[in-house]
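Data first, discussion second: the structure below is written as structure tokens.
Side chains are part of it too, since the values below use all heavy atoms of this structure and drop only hydrogens, waters and symmetry mates.
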Amino acid sequence: MLYIGIDLGTSAVKLLLMDEKGTIYKTVSREYPLYFPRPGWSQQDPEDWFVQTMNGLLELTDGADKGSIRGISFGGQMHGLVVLDDRDRVIRPAILWNDGRTGEETDYLNHQIGQDKLSEYTANIAFAGFTAPKILWLAKHEPENFKRISKIMLPKDYLAYRLSGEFCTDMSDASGMLLLNVKERCWSEEMLSLCGITAKQLPKLYESYEPVGTLKPQIADELGLPHTVKVIAGAGDNAAAAVGTGTVGDGMCNLSLGTSGTIFISSDTFGVDENNALHSFAHADGHYHLMGCMLSAASCNKWWNDDILKTSDYAAEQKNITRLGENQVFYLPYLMGERSPHNDPNARAVFLGMTMDTAREDMTQAVLEGVAFALRDSLEVARSLGIQITRTKICGGGAKSPLWKTIIANVMNLKVDVPETEEGPALGAAMLAAVGCGEYPDVISAADAIVKVVQTVEPDPALAAKYEARYQKFRTLYPALKDIF
């Protein structure tokens, strides 16, 4: 039997075809535009997602035994606001997770409604990228569009709707809307009232591994697939990536070096940190997780290489970096503001410490180290809760760099396990499809059978000590610069 995983990312949709044992037969990637109509704004056209997904599905299944395809599921960029009218037309471009326009609305929720109330209602506080502040922004700045809203959904759920006709979402992705009572796994009536919306405008909630329906007959015919292909709810990209790396069950950790960067800690029980510096979300395995999210991770390295150095040869830029732990240049990776743990949309990227002998390699090294230091900020919050982490999985585009994995292992002082497959959310989505179709009894069983570790990068005690000293300096920089931002 064959299963399809669709990862709806920020720059491209990635599709994966695997069998019931986890053997990957083919992957396909299709890019689409990202629009920045104003500084700090970030939007996309949902039609682009659908068109490129359909094109990708045709390419992915070309030459495959289409009759053996049983299920399709999703991982997707979280928090984005997609709104449809009563004729199922997209009302306006989707406002994305890394959009920073909702500063006033975020302040209103956190300071006038109050962080204690928000945490009580949703287990989280407001961040500029979350969906609820976007809804408030729309009501204030585009009231005519707000009045037309019939359906509110997340990016991957728009694909599910177009493919199956089912208005649905899953618990993990819904957790990032600031509309879900995460502990009780239901919509928060208090938050809906605050945002001026009704439960009717929100999708039906499913666990990530539950089927929501089957392909629409016309979609199945267009793709040449059986009408019986099940559509499984799927998960937010980080939860899907965690499934793809086997970060399920109690006390497991995953680091993702994608466009954004995350530290993801799975748990069998619900929990919230005192300052809400970490997100407390539902997990795709039916339980919970804590997550720290930085808005710019591998995108920092992409920006530095593509836009500043004008090169696409990332490996060449890293080749001559050898003096780890001794770099005097610091980099704060806040290109799009920052979420965890600072929750500051006004934070900005900074290079600090250059001298006349600073070299190109020092700047590149600082970018890689700055992302690692910022991820450690969230790890320290988890440690403050008494959570003992000694090792972590790693995924995302940045995880392809041997140098970056070494830096991560030593900055974090953790063993870093590298899965055999670094397909992240797409693999996790395909695994959820397999569970939803009955191939495995639960997500943990699927992970145990499919995910294999092929390398472990261990910290070097001497280097970890050097990075410990560097990190203690790094953590003083944001507080010193906050007022300037």
Side-chain angles (χ1 to χ4, degrees), residues 36 39-40 42 98 100 128 255 257-263 292-380 396-399 401 403-412 463 466-485:
F36 303 103
S42 181
N98 56 354
L255 293 174
L257 289 176
T259 301
S260 61
T262 60
I263 179 167
C293 178
M294 55 185 297
L295 295 181
S296 302
S299 54
C300 288
N301 195 43
K302 178 178 172 61
W303 162 80
W304 174 243
N305 285 274
D306 294 1
D307 297 340
I308 307 302
L309 300 182
K310 306 296 184 184
T311 178
S312 59
D313 194 345
Y314 297 7
E317 293 300 323
Q318 298 178 20
K319 183 174 64 174
N320 295 321
I321 296 174
T322 57
R323 298 175 62 224
L324 296 184
E326 300 176 12
N327 190 15
Q328 296 306 304
V329 181
F330 285 100
Y331 171 74
L332 271 63
Y334 310 140
L335 289 173
M336 297 288 293
E338 189 54 300
R339 189 177 293 173
S340 303
H342 303 309
N343 192 16
D344 186 356
N346 296 315
R348 290 294 177 262
V350 173
F351 281 107
L352 183 76
M354 291 82 74
T355 61
M356 286 295 290
D357 60 353
T358 294
R360 178 176 179 138
E361 290 83 3
D362 298 326
M363 305 291 280
T364 301
Q365 181 176 340
V367 170
L368 304 180
E369 290 172 340
V371 171
F373 288 143
L375 280 170
R376 179 163 167 189
D377 280 342
S378 289
L379 177 63
E380 290 304 310
S401 164
L403 174 65
W404 214 347
K405 284 183 286 198
T406 297
I407 290 171
I408 290 284
N410 286 280
V411 167
M412 300 288 197
L463 181 53
K466 288 182 179 180
Y467 271 125
E468 177 66 27
R470 299 292 294 158
Y471 172 68
Q472 294 305 327
K473 290 184 179 180
F474 173 87
R475 68 188 308 183
T476 68
L477 299 181
Y478 170 77
L481 293 169
K482 182 178 180 180
D483 289 343
I484 296 175
F485 297 142

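- At distances below 3.5 Å, at least one donor-acceptor pair connects side-chain atoms of R470 with backbone N or O atoms of N327.
- Put simply, the side chain of Y467 reaches to within 4.5 Å of the side chain of L463, judged on heavy atoms.
- L335 CG to C300 SG: the interatomic distance, rounded to the nearest 0.5 Å, is 4.5 Å.
- Residues passing the side chain to side chain donor-acceptor pair (under 3.5 Å) test with N301, sequence neighbours excluded: N305.
- Without hydrogens or angle criteria, S401 side chain to G398 main chain gives no donor-acceptor distance under 3.5 Å.
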Check residues 478-485 and write down every donor-acceptor pair under 3.5 Å in which the side-chain atom is one partner and the other belongs to a residue at least two apart or another chain.
from, atom 1, to, atom 2, distance (Å)
Y478, OH, D344, OD2, 2.7

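- Summarising the geometry of L324 relative to K466, their closest heavy-atom pair is O-CD, 4.3 Å, with the distance given to 0.1 Å.
- The OG1 atom of T364 sits 5.5 Å away from the CG atom of L309 when rounded to the nearest 0.5 Å.
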From CA spacing to verdict: side-chain contact (heavy atoms from CB on, under 4.5 Å), L255, I408:
CA-CA 9 Å; L255 293 174; I408 290 284; 3.5 Å; yes

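- To the nearest 0.5 Å, the span separating CD on Q365 from CD1 on I321 amounts to 5.5 Å.
- Residues that satisfy the side chain to side chain donor-acceptor pair (under 3.5 Å) test with D362, not counting sequence neighbours, are absent from this structure.
- Closest of all the heavy-atom pairs between D306 and Y314 is OD1-OH, 2.8 Å.
- Side-chain atoms of E369 never come within 3.5 Å of backbone atoms of F330 as a donor-acceptor pair (strictly under, hydrogens ignored).
- The distance from atom NZ of K302 to atom OG of S296, rounded to the nearest 0.5 Å, is 13.0 Å.
- Taking the side chain as every heavy atom from C-beta outward, L332 and E338 never approach each other to under 4.5 Å.
- The shortest heavy-atom contact between G258 and A297 is O-CB, 3.5 Å.
- Here the OG1-CG distance, from T406 to N410, works out to 7.0 Å after rounding to the nearest 0.5 Å.
- Heavy-atom minimum distance, M412 versus A372: CE-O, 4.0 Å.
- Rounded to the nearest 0.5 Å, atoms CG (D377) and CG (L379) are 9.5 Å apart.
- Remark: the T355 side chain and the Q328 side chain contain no N/O donor-acceptor pair separated by less than 3.5 Å.
- L375 approaches G261 most closely through the heavy-atom pair CD2-C, 3.9 Å.
- Shown here for W404 and L368, the closest heavy-atom pair between the two residues is NE1-O, 2.9 Å.
- Note on ring orientation: taking the six-membered ring where Trp is involved, the planes of W303 and Y331 are parallel (angle under 30°, cut-offs 30° and 60°).
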(message) Between R376 and R475, is the side-chain contact (heavy atoms from CB on, under 4.5 Å) condition met? List the steps.
(response) CA-CA 10 Å; R376 179 163 167 189; R475 68 188 308 183; 5.9 Å; no

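- Using modelled atom types and a 3.5 Å distance limit, the side chains of N346 and Y334 yield no donor-acceptor pair.
- Within the 6.0 Å centre-distance limit, the rings of F351 and W304 are counted as a close aromatic pair.
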Exercise for the section: Begin from the C-alpha positions of M294 and H342 and carry the test side-chain contact (heavy atoms from CB on, under 4.5 Å) through to its verdict. Expected result: CA-CA 9 Å; M294 55 185 297; H342 303 309; over 6 Å; no

